[in-house]
Amino acid sequence: MNDLVQVRNKTTSVFDVDIIRQDFPVLGTMAYNKKLVYFDNAATSQKPSSVINKLTSYYNEYNANIHRGVHFLSRKATDAYDNVRTLAAKFVNASTEKEIIFVRGTTEAINLVASTFGKMKVGEGDEVLITGMEHHSNIVPWQMLCEEKRAKLRVVPISEKGEIHLEEFKSLITDRTKFISIVHTSNSLGTVNPVKEMIRIAREKNIPVMIDAAQAVVHENVDVQDLDCDFLAFSSHKMLGPTGVGVLYGKMKHLEDMPPYQGGGEMIHSVSFEKTSYNEVPHKFEAGTPNIADVIAFGEAINYYNKLDRDAAFLHEKELVKYALKRLQEIEGVKIIGQASERTSLVSFIVRGLNAFDIGMYLDTQGVAVRTGHHCTEPVMDRMQIPGTVRASFMFYNTKEEIEIFIEALKKAIKLLNK
Amino acid sequence: MVQSENMNGLATIENDIVEEFTLFDDWEQKYEYIIELGQKLPELNQVYKKDEYKIKGCQSSVWLNSYEENGRIFYEADSDSTFVKGEIAMLIRVLSGQKAEDIVNAELGFIDRIGLRQHLAMTRANGLAAMIKQMKLYALAFHAQKS
C-alpha cells in the first residue's frame with residue numbers, strides 16, 4: 001500500500017478533465033464529421049496512450065513466453081507479467097498476489113468458480129442465490145451448474161426503483177443455500193448494491209459469496225478484505241485496459257481446495273500418463289500460455305488509476321450522472337429506468353412511445369455513442385416490463401459539454417421519431 | 001453486373017433504391033429517409049402480430065407474413081422499431097411480388113451499395129437479418145414444393 005500512497009500524494013493537482021482527455025487518443029475521433037461523444041463506457045472504456053504504448057513496447061522489445069524460458073527476453077517478460085499480479089492484488093487489496101488469477105474477463109471468472117468451487121459445494125436439492133439484476137454472465141453459469149447438479153437457482157427480486165431489499169435477501173437464504181453470487185454495480189440500472197452488508201449476512205450462515213465487480217472497480221475503490229467476499233471478478237477492458245484480460249480474486253483457502261479449471265501446460269507440477277500433480281495457486285488455474293501482452297498492458301491501466309486523483313475523478317463522474325439525470329428529466333416523455341439511491345455513473349432511460357434502438361441509431365448519426373437494448377440483463381427488462389433502454393454511461397474523461405450535445409441530439413431524435 | 005432477364009425486375013428496383021440514396025450526403029440524411037419510409041409502411045394486420053409470425057431480436061422484433069399468389073411471393077411485415085420498418089419497406093419493395101426462384105437467388109447487393117451493410121451486421125440483433133433469411137426460406141420452400 002505504501003507505493004500507492006506515495007503515488008497519490010504526488011498528484012496534488014486539481015482534476016482537469018481537458019488534460020485527462022489528452023491521454024485518450026480515441027476521444028479526439030470525428031464520427032460522421034462530428035465530434036465523437038463516447039457514452040458507452042459501461043460496455044468498454046477507452047484506453048490511455050500509456051496502455052496502448054505498453055502493448056507495442058512489449059511486442060517490440062521483450063516478446064517471449066513466460067515462466068519457462070531461460071533467456072533474457074523471457075525473464076523480462078516474466079517479470080513484467082508477474083508484476084501485474086502484484087499491482088492487481090494491491091488494486092483490490094488482496095492479502096497476497098497469489099489470490100489473483102488472470103482470466104479472460106469477468107465472464108470466465110464466474111464460469112471458473114461455478115465449474116470448480118460450485119461443483120464442489122453444490123449438490124442435489126441445494127440452492128444458489130443470485131439477484132434479479134445480474135448480467136447474463138452471472139446467471140447462465142449458475143443455471144448450468146444447477147441443471148447439472150439438480151440444484152435450484154433462486155433470485156432476489158428487485159423493486160420498481162431497481163433496488164434489493166435486504167429483508168428479502170435474508171428471507172431467501174435457506175439451509176440449502178450453498179453459494180451466493182451478486183452484482184456489485186448493475187450495468188443496466190446503475191444500482192450500487194449494499195454488497196458489504198449482504199456478505200455480512202451470508203457470513204452469519206457461512207455461505208460463500210462471489211461479487212461481480214465488473215462495473216464497480218471502475219468507479220469506486222473496491223477492497224476485497226474490507227468486503228470479506230470469497231470471490232470477486234472484474235475485467236480489464238472496462239477499466240482502461242485491453243480486452244481479453246480479467247481478474248478472479250479468490251480467498252487463498254478456497255483456491256487451494258478447488259480443483260483445476262482447465263488442464264494443460266503451466267498448471268501442472270509434473271505429468272506422467274499415470275498421474276499428474278498440479279501446480280500451486282494461482283498457476284493451477286492458468287493453463288497454457290496466458291495473454292501475456294494484454295496482462296502487461298493491463299498493469300499500465302492499473303498504474304493509470306494509481307496515478308489518477310481517484311477521489312476527484314469519481315466525484316466528477318458523480319457530478320456527470322447527476323447532471324445527465326437532471327437534463328433528461330426535463331425532457332417530456334423520458335422515463336429513467338433504475339432510480340436507486342446508491343448509483344453509479346450511468347443512466348438508463350426510455351422515451352414514451354419510442355423504440356430505444358431508433359433513438360440510439362439517431363444519436364449515432366450525431367456522433368453520440370450509447371448502448372441500446374437489454375444490456376445482457378433480460379430479466380431486468382422483464383421486471384421493468386420494457387423491451388430495452390437507452391443507456392448513457394460516463395467515465396471521468398467525459399464532460400458536461402458532451403452531455404449537452406447528447407441532450408440536444410436526443411431532443412432532435414424525439415422530434416423526428418414522433419413525426 | 002449481368003442480370004438474367006427474369007432477375008430484371010428485382011435488379012431494377014435495387015438500382016432505383018441505390019440511385020435514390022445518392023441524393024444523401026451523410027448517415028444522418030439516410031437515417032431520416034429510412035425513418036420516413038418506416039413511418040409510411042402500411043400497418044400489418046393485427047392477426048399477424050402473433051408469436052408465430054414474430055422474429056425476435058434483442059434490439060427489436062419483426063413480424064412477417066408471407067403468401068403466394070399466381071406463382072409470385074408477397075410479403076408484409078412490421079417492427080417495433082421505425083428504423084427497422086424503413087428497412088423492411090425497402091426489402092418489401094425489392095422482394096415482394098417476385099418469383100420464388102428470383103427471391104432465393106437475390107443477393108440484395110443494394111444493402112451494401114447504400115451503405116447499410118455495417119448497420120445490418122452491427123444489429124444482428126435487430127431481427128432484420130433473420131427476416132431476410134426467413135423471406136428466402138419461404139421462397140425456397142415454395143420453389144421446392146413447385147418443382
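By a heavy-atom distance cut of under 4.5 Å, not one residue of residues 16-26 of chain B is near chain A. Heavy-atom neighbours of chain B within the stretch residues 181-192 of chain A, taken at a separation under 4.5 angstrom, are nonexistent. Residues of residues 29-39 of chain B having a heavy atom under 4.5 Å from any heavy atom of chain A, listed by number: B:Y31, B:E32, B:I35, B:Q39.
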With a 3.5 Å cut-off and sequence neighbours excluded, list the donor-acceptor pairs that the side chains of residues 130-141 of chain B form with protein atoms.
unit_1, atom_1, unit_2, atom_2, d
B:K136, NZ, B:V104, O, 3.2
B:K136, NZ, B:A106, O, 2.3

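The closest side-chain heavy-atom distance from B:E76 to B:S66 is not below 4.5 Å.
Note: A:F406 and A:F39 have perpendicular aromatic rings, judged against thresholds of 30 and 60 degrees for the angle between ring planes.
Under the 4.0 Å criterion applied to side-chain N and carboxylate O atoms, B:K85 and B:D80 are not assigned as salt-bridge partners. Checked for salt-bridge contact, B:E69 and B:R72 miss the test: no charged N lies under 4.0 Å from a carboxylate O. Checked for salt-bridge contact, A:K34 and B:E28 meet the test: a charged N lies under 4.0 Å from a carboxylate O. With respect to the salt-bridge test (charged N to carboxylate O, under 4.0 angstrom), the residues B:K99 and B:E68 do not qualify.
When all heavy atoms of A:A114 and A:L145 are compared, the closest pair comes out as O-CD1, 3.6 Å.
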I would like to know whether A:K35 and A:E401 meet salt bridge (charged side-chain N to carboxylate O under 4.0 Å, His left out); could you show each step before the answer?
CA-CA 11 Å; A:K35 233 180 94 186; A:E401 291 73 41; over 6 Å; no

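B:S81 and A:D358 are linked by a side-chain donor-acceptor pair at a separation below 3.5 angstrom, with hydrogens and angles left out of the test.
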